[in-house]
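A quick write-up on the structure given underneath.
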Number of protein chains: 2
Amino acid sequence: MNSTPHITEAESEVMKLLWQKEPLTAVEIISQLKDRMDWSDQTIKTFLNRLHKKQAIRFEKSGRNYLYYPLVTYDEYVKAANRSFLDRMYNGAVGMLFAKFLEEEKLSEGEIEQLQQLLEQKKRDGS
Amino acid sequence: MNSTPHITEAESEVMKLLWQKEPLTAVEIISQLKDRMDWSDQTIKTFLNRLHKKQAIRFEKSGRNYLYYPLVTYDEYVKAANRSFLDRMYNGAVGMLFAKFLEEEKLSEGEIEQLQQLLEQKKRDGS
DNA sequence: TTTTATTGTTTACAACCGTAAACTTAGACT
DNA sequence: AGTCTAAGTTTACGGTTGTAAACAATAAAA
């Protein structure tokens, strides 16, 4: 019903951890992000809080530690971000997007072949 | 040298006009955007001003009217936006991006074939 | 049970963005 | 030349985001 809440870039760093392994305790989240992102623990706590407020995560306390779970899935997140980008930049025209990226980015032989297979399959499945 | 300045979404509406036709007078820009975007002229003036400050456009006055020119090209803009999106969302892995979009979006037979041709060509050109 | 440490909540603050009113200036018209 | 007016400039203001300090609550240790 309600579309996935907007997750900012900084917040997404927290989500990425939870998408990898769920649940995680606050300690785990903070310790993993603290060095990698050079954030103070207060900062990370803010993100946890905001994510909770916007219902992107939930937590339950089991005795002494709190366990965090994602409520928004990685797929929902990527999908929403993709859609939004596609609309903003290409007016929804996927073909355009592909063309532009192909023009700009280099692909390895392997990647190209993989994409060709995907396209073949897509054609077979119709749509 | 210096990377293209960051152009926000609202600002990009102004740029789009200038990328279509250059130069444009303030009157033209304002009148075209006013209805389409439901913005007051003051709002549009703000965008012109901000774009000018960040050197995304320039203007010269010929008599009583000001003529606006883009300084950032459409290609630079798209390229920067693409790069940034690719890095943020896919850690720079184009293959991933393509796969995700293919998975989510429907393509017409025609579009698929067009992409296949692009890939073929890409393969021939190497990289 | 009182203290302490941990972990969640409130408050803060500057930069950025969308939105726009107020101000200023320099030609156009009378 | 004086006034009007169009077009650029300054200021404003609420919401979001990155960043974090201050505060509160609660379980663990003494």
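The shown structure was predicted, so the numbers you read here are calculated from the model rather than taken from an experiment. Note that these values count all heavy atoms, side chains included, but never hydrogens, waters or copies made by symmetry.
Nucleotide C/dA28 holds its P atom 10 Å from the NZ atom of B/K61, rounded to whole Å. Counting to the nearest Å, the C1' atom of C/dG8 and the CZ atom of A/R58 are 17 Å from each other. Rounded to an integer number of Å, the gap from CG of A/D41 to P of D/dG18 is 18 Å. At whole-Å resolution of the value, CE in A/M15 and P in D/dT17 are 15 Å apart. Atom-to-atom, NZ of B/K53 to P of C/dA15 comes out at 15 Å; the value is rounded to the nearest Å. Whole-Å rounding puts the B/I29 CD1 to D/dA7 C1' distance at 12 Å. The distance between atom NZ of B/K45 and atom C1' of D/dA6, rounded to the nearest whole Å, is 7 Å. Between the C1' atom of C/dT10 and the CD atom of A/Q42 lies a distance of 11 Å, rounded to the nearest Å.
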Please evaluate residues B/D41 and B/K45 with respect to the criterion salt bridge (charged side-chain N to carboxylate O under 4.0 Å, His left out), reporting the C-alpha separation (whole Å), side-chain torsions for both, the decisive distance (0.1 Å), and the verdict. CA-CA 6 Å; B/D41 6 13; B/K45 284 189 198 173; over 6 Å; no

As a quick check of understanding, evaluate side chain to side chain contact (heavy atoms under 4.5 Å, CB included) for B/K53 and B/R50, giving each step before the final call. CA-CA 5 Å; B/K53 276 209 183 108; B/R50 287 184 182 163; 5.6 Å; no

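Within the structure, a side-chain polar atom (N or O) of B/T43 is placed less than 4.0 Å from OP1 or OP2 of C/dA20. Between C/dT19 and B/W39, a contact under 4.0 Å exists linking OP1 or OP2 to a side-chain N or O. Remark: A/Y68 is in phosphate contact with C/dG8, judged by side-chain N or O atoms under 4.0 Å from OP1 or OP2. Contact check, A/T8 against D/dT16: no side-chain N or O comes under 4.0 Å of OP1 or OP2.
Note on A/E9: only backbone sugar-phosphate atoms sit closer than 4.0 angstrom, heavy atoms only; bases stay farther off. At the heavy-atom level, B/H6 lies under 4.0 Å from the strands shown only through sugar-phosphate atoms.
Between A/F47 and A/W39, the two ring planes are perpendicular [angle over 60°; tilted spans 30° to 60°].
For the pair B/N49 and A/D38, both in contact range of DNA chain D, the more 5′-proximal nearest nucleotide belongs to B/N49. In terms of position along DNA chain C, the nucleotide closest to A/F59 lies nearer the 5' end than the nucleotide closest to the other residue of the pair A/F59 and A/R50. Heavy-atom distances to DNA chain D give each of A/K54 and B/L67 a nearest nucleotide, and the one nearer the 5′ end belongs to B/L67.
For the residue pair B/Y68 / B/E28, no side-chain donor-acceptor distance below 3.5 Å is found, with atom types taken as modelled.
The base of C/dA20 is not paired with the side chain of B/S40 by any donor and acceptor separated by under 3.5 Å.
Classification of A/E13 and A/K16 as a salt-bridged pair holds, one side-chain N sitting under 4.0 Å from a carboxylate O.
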